[in-house]
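One structure is given here, and the rest of the page talks about it.
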Number of protein chains: 2
Amino acid sequence: MAGTRTRTTPATEAADPYAPCEDDCGIRDVLDRLGDRWSVLLVVELAKGTRRFRELQHAVPGISQRMLSVTAKRLVRDGLVERTVYPTIPPRTDYRLTATGRSFAGAVAALADWSRTHKDAIAASRDDFDTRHPDEVR
Amino acid sequence: MAGTRTRTTPATEAADPYAPCEDDCGIRDVLDRLGDRWSVLLVVELAKGTRRFRELQHAVPGISQRMLSVTAKRLVRDGLVERTVYPTIPPRTDYRLTATGRSFAGAVAALADWSRTHKDAIAASRDDFDTRHPDEVR
DNA sequence: CTGGATCCGCTTTGATACTG
DNA sequence: CAGTATCAAAGCGGATCCAG
């Protein structure tokens with residue numbers, strides 16, 4: 001399927017200039033985690049310290065109980081978050097980053113930094129684009 | 001709406017102790033823009049050099065013509081990619097990263113690096129989790 | 001308090017066909 | 001070659017109810 005190498009273009013390039021390692025270099029793995037709406041936000045919040053279910057829900061405005069539950073579970077499965085349940089009454093559950101999770105938080109922080117640095121430029125570019133292409137659907 | 005309970009809820013939750021800066025520290029901006037399935041892959045590919053429409057489609061296995069078109073246009077709008085059209089026959093269009101785009105590619109590279117370093121650990125964690133929770137739906 | 005189970009709508013994505 | 005237009009499918013995410 002994807003292995004179809006139909007190189008119809010003779011091109012002047014000698015060796016394969018494309019596909020050096022694996023096309024995506026494994027980025028897909030992170031993307032699947034970054035792709036969803038809440039994973040990163042949760043990790044960022046947990047990077048500040050251990051949190052309980054309720055606390056997380058408050059710290060991440062807009063997240064529903066369901067998505068918090070689902071997302072947290074997924075992070076636990078991936079080994080980024082550790083869950084500790086205290087069989088008390090009422091129940092209490094603590095969430096905290098694992099070593100891998102903290103590592104990930106660091107990597108994400110760099111991206112967040114990039115975001116803050118370029119958000120204005122992006123907004124400007126968009127605005128400019130929209131001004132010159134008012135007929136676009138969008 | 002919150003059911004009118006026996007105890008009038010203190011509607012105003014007071015300022016929660018959490019919520020440090022802005023909740024997400026601006027990560028939402030990047031995520032909303034590049035959190036989709038293809039943007040990052042396209043940027044990574046373009047980081048290797050200028051590419052034509054066809055070349056991109058080949059370089060990113062699985063992407064449909066439509067998504068390539070849509071994603072590329074969005075990147076152009078955000079100022080991360082530059083598009084050059086040659087009104088020849090047959091037509092030819094070159095895509096290349098802008099300065100901002102290259103900057104972003106750099107940030108992503110760091111994340112990709114993280115991914116490669118921890119992908120095994122994540123896979124192991126998942127496998128382990130699934131083994132101990134075979135009853136889960138997933 | 002901490003979630004799991006359901007129902008359901010919206011957005012994203014994919015397949016296909018058509019145009020310049 | 002380089003897209004655009006349309007339609008249908010899939011997945012994500014929200015609201016709600018219920019259980020431990």
Side-chain angles (χ1 to χ4, degrees), chain A residues 1-2 6-11 28 31-42 50-77 81-96 133 135-138, chain B residues 1-3 5 7 9 13 16 28 31-42 50-77 81-96 133 135-138:
Chain A
M1 186 179 74
T6 19
R7 171 88 67 206
T8 50
T9 325
R28 279 328 289 267
L31 255 48
D32 287 341
R33 213 123 297 104
L34 251 52
D36 66 283
R37 201 173 177 70
W38 309 107
S39 293
V40 174
L41 275 339
L42 243 47
T50 299
R51 294 282 188 275
R52 295 181 59 176
F53 193 86
R54 270 290 192 226
E55 294 177 333
L56 279 175
Q57 193 166 14
H58 262 110
V60 184
I63 191 172
S64 64
Q65 270 189 336
R66 179 172 126 70
M67 289 319 293
L68 173 53
S69 178
V70 170
T71 306
K73 179 173 288 186
R74 185 152 33 186
L75 289 174
V76 168
R77 186 167 97 104
V81 169
E82 194 171 22
R83 203 175 78 128
T84 308
V85 180
Y86 299 95
T88 60
I89 291 183
R92 173 207 178 95
T93 306
D94 279 1
Y95 290 92
R96 63 186 291 264
H133 300 276
D135 53 310
E136 294 294 319
V137 189
R138 218 171 347 282
Chain B
M1 283 285 132
R5 266 327 145 98
R7 189 205 325 111
T9 322
E13 282 281 334
D16 31 344
R28 277 331 293 262
L31 258 47
D32 287 341
R33 218 159 336 252
L34 300 51
D36 65 282
R37 201 172 177 68
W38 308 107
S39 292
V40 173
L41 275 339
L42 244 46
T50 299
R51 293 284 186 277
R52 297 181 56 175
F53 193 87
R54 269 293 187 213
E55 294 176 334
L56 279 175
Q57 193 166 15
H58 258 113
V60 184
I63 192 171
S64 65
Q65 231 173 8
R66 180 178 125 72
M67 288 318 293
L68 174 53
S69 179
V70 170
T71 304
K73 180 172 290 186
R74 186 152 32 187
L75 289 173
V76 168
R77 187 167 97 103
V81 169
E82 194 171 23
R83 201 175 78 129
T84 308
V85 180
Y86 299 95
T88 59
I89 292 183
R92 174 206 178 96
T93 305
D94 280 2
Y95 289 92
R96 63 186 290 266
H133 300 274
D135 53 311
E136 296 294 319
V137 187
R138 216 168 354 276

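So you know, we letter chains A, B, ... as the sequences are listed, proteins then strands, and number each from 1.
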Taken to the nearest whole Å, CG/A:L56 to P/C:dC1 is 14 Å

Check every strand shown and say whether A:Y95 touches a base, only sugar-phosphate, or nothing at a heavy-atom separation below 4.0 Å. sugar-phosphate

Rounded to the nearest Å, what distance is computed from the CD1 atom of residue A:I63 to the C1' atom of nucleotide C:dG3? 13 Å

When we call it a touch if two heavy atoms are under 4.0 Å apart, what does A:R66 touch: a base, just sugar-phosphate, or nothing? base

Can a side chain N or O of A:R37 be found less than 4.0 Å away from OP1 or OP2 on D:dC12? no

Rounded distance [0.5 Å steps], CZ in A:R83 versus CG in A:L75: 12.5 Å

Write down the distance between CG (B:L68) and P (C:dT12), rounded to a whole number of angstrom. 18 Å

So, is B:K73 close to the D:dG3 phosphate, meaning a side-chain N or O under 4.0 Å from OP1 or OP2? no

Between A:D36 and A:P91, which residue's closest nucleotide on DNA chain D lies nearer the 5′ terminus? A:D36

Rounded to the Å, how far apart are A:L31 CG and D:dG11 C1'? 16 Å

Starting from P on C:dT12, measure out to CG on B:D32 and report it in whole angstrom. 10 Å

Is A:G35 touching bases, backbone alone, or none of the nucleic acid, heavy atoms closer than 4.0 Å? nothing

Honestly, is A:R51 close enough over A:Y95, meaning NZ or CZ under 6.0 Å from the six-membered ring centre and within 45° of the axis? no

Do B:R96 and B:D94 sit within salt-bridge range, that is, some charged N less than 4.0 Å from a carboxylate O? no

Value in whole Å for how far the P atom of D:dG3 lies from CZ of B:R51: 16 Å

Testing D:dC1, C:dT2, D:dG3 for proximity to the side chain of A:F53, the answer is C:dT2

Distance check needed: D:dC1 C1' versus B:R92 CZ, whole Å only. 11 Å

D:dG3, OP1 or OP2 - any side-chain N/O from B:T93 closer than 4.0 Å? yes

On a heavy-atom basis, the closest approach of B:R37 and A:L31 is O-CD2, 4.5 Å

Determine, step by step, whether B:F53 and B:L68 satisfy the side chain to side chain contact (heavy atoms under 4.5 Å, CB included) criterion, reporting the C-alpha distance in whole Å, the side-chain angles of both residues, the deciding distance to 0.1 Å, and the verdict. CA-CA 8 Å; B:F53 193 87; B:L68 174 53; 3.8 Å; yes

Closest approach to the side chain of B:M67, judged atom by atom: which nucleotide of C:dT13, C:dT2, D:dG3 is it? C:dT13

Side chain of A:Q65 (C-beta onward), nearest among C:dT2, C:dG14, D:dG14: C:dT2

Listed nucleotide nearest any side-chain atom of B:S69, set D:dT4, C:dT2, C:dT13: D:dT4

Gap between atoms CD1 and P, on A:I89 and D:dA19 respectively (whole Å): 17 Å

